[in-house]
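One-based numbering, in listed order, for ligands and for the atoms of each.
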Amino acid sequence: MNYSIALVPGDGIGPDVIDQAVKILDAAGDKFGHVFNYVELEAGGCAIDKIGEPLAAETLEAAKQCDAVLLGAVGGPKWETLPGRLRPERALLELRSGLGVYANLRPAALLPQLRDACPLKDEVLAAGNSGGKPGFDILIVRELTGGLYFGPRGRSADGSSAFDTETYSRAEIERVLRTGYAAAAVRRKKVCVVDKANVLESSRLWRETAAETAKEYPAIETSYLYVDNCAMQLIRAPGQFDVIITSNLFGDILSDEASVLTGSIGMLASASLAGSGAGKPGDKIMGIYEPIHGSAPDIAGRDIANPLAAILSTAMMLRYSFGLEEEALAVEAAVNAVLDSGLRTRDIAGIGAGKQEKIAGTKAMGEAVLKALEKRGG
Ligand code: NAD
């Protein structure tokens, strides 16, 4: 099968990590008989330097023609003083709205090799975990294009008061719920809907819509939590969660909280989907795949950045945009094998490898994952 992928390396370490991610995609293609064709696009600070705006209309059009987007990161001190509409981050917002991606998926799992990077005690990590072993594997599904960040806002005439508005329609809530349920169906089959239904009317609509939608997924256990309780439960017993589905604002905050539990920002991938996720090989669902870290200008171009978040983003692309579960698992297993071998980039040095530890740069880490992927299963 052929797939066309828009590559948007962006700024800072974006190109460093995307180079490695592409190697891994190509290796997965060779191994499983797929062809990935790339369309390289400029967005963010590099586009501002070249054409004076963060995302050209033609760039967005070109991305729309592709099956999925792999993005590095945008931004940096050079562009920080520009007015809002000319800032690099604008490119992200315009890509998201232009491609209609409305569900943001952020996995937060504790890799056993990096257990020591997690600030929680073993007994906390074991609490609520069905296996009774320390660990967690959570997927936070955040609504991305509605709610408080997009509702009417303003100031009173004298500027002494201000308001923001949380608005959601049933349709907006239902489609993101469906993305979450589809993900839960191939995971541990548990969904927790997080809201503030004891106070907010918009949250009561979330709860009503969730109760209706849940009836269509009898094989999946649905529970409900208020957001304040969820924030607490994440650090009291993270093992109890499988898929958390929530609004734009709550998802923004909870996904950052959950990411701290995993240790390093250089390890965390994300996906933003324009559908409920590919169900089988041959499907093509538009999505933007990117590491959660920024452009890290302090280490850009120095062969230091951890490429694993970008590499794990390709695994998410294979799974959620193309329904290629076996291929996604192979990439994830290759990353695991490399961590098992003791190889570490600088940001995860001193974590869990003991005497086996060997420090690698960006390229060496990418190369090691490539070898591990090629070796697996012949
Ligand atoms: P950052 O994520 O770029 O960096 C935070 C810290 O983590 C830095 O010390 C950095 O060196 C380190 N780090 C980040 N990724 C790493 C990796 N893969 N390997 C090793 N170390 C890594 O956040 P910041 O410093 O707040 O932001 C820098 C720029 O990136 C800003 O212009 C910001 O606006 C932009 N940004 C972009 C995105 C995006 O494109 N999605 C997200 C966040 C920040």
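Ligand 1 has a nitrogen or oxygen under 3.5 angstrom from a nitrogen or oxygen of Val74. The shortest N or O to N or O distance between Pro77 and ligand 1 is not under 3.5 Å. The N/O atoms of Gly294, backbone and side chain alike, include one that comes under 3.5 Å of an N/O atom in ligand 1.
Annotation for ligand 1: atoms under 4.0 Å from non-hydrogen atoms of Pro297 are 28 (C). For ligand 1, the atoms closer than 4.0 angstrom to any heavy atom of Gly75 are 32 (O). Numbered from 1 in the order shown, with element, the atoms of ligand 1 that lie under 4.0 Å from a heavy atom of Asp298 read 8 (C), 9 (O), 10 (C), 11 (O). Ligand-side atoms of ligand 1 in range of Gly76: 32 (O), range being under 4.0 angstrom from any heavy atom. For ligand 1, the atoms closer than 4.0 angstrom to any heavy atom of Glu80 are 32 (O). Short contacts between ligand 1 and Ala73, defined as distances under 4.0 Å to a heavy atom of the residue, involve ligand atoms 40 (O). Atoms of ligand 1 lying under 4.0 Å from at least one heavy atom of Ile13, given by number and element, are 15 (N), 16 (C), 17 (C), 18 (N). Less than 4.0 angstrom separates some heavy atom of Leu92 from each of these atoms of ligand 1: 39 (C), 40 (O), 41 (N).
Both the backbone and the side chain of Asn306 come within 4.0 Å of ligand 1, counting heavy atoms alone. The proximity of Glu290 to ligand 1, defined as any non-hydrogen pair under 4.0 Å, is limited to the side chain. Contacts with ligand 1 closer than 4.0 Å are made by side-chain heavy atoms of Ile265 only, the backbone lying farther away. Only side-chain heavy atoms of Ile299 come within less than 4.0 Å of ligand 1; its backbone N, CA, C and O stay farther off.
One side chain, Thr222 or Tyr181, offers a donor N or O that lies under 3.5 Å from an acceptor on the other.
Nearest approach of Leu148 to Leu249, heavy atoms of both residues: CD2-CD2, 3.8 Å.
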Derivation and outcome, side chain to side chain contact (heavy atoms under 4.5 Å, CB included), residues Glu208 and Arg170: CA-CA 9 Å; Glu208 272 169 44; Arg170 237 176 236 284; 3.1 Å; yes
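Other residues, nucleotides and ligands contribute only 12 or fewer heavy atoms inside 6.0 Å of the CZ atom of Arg236.
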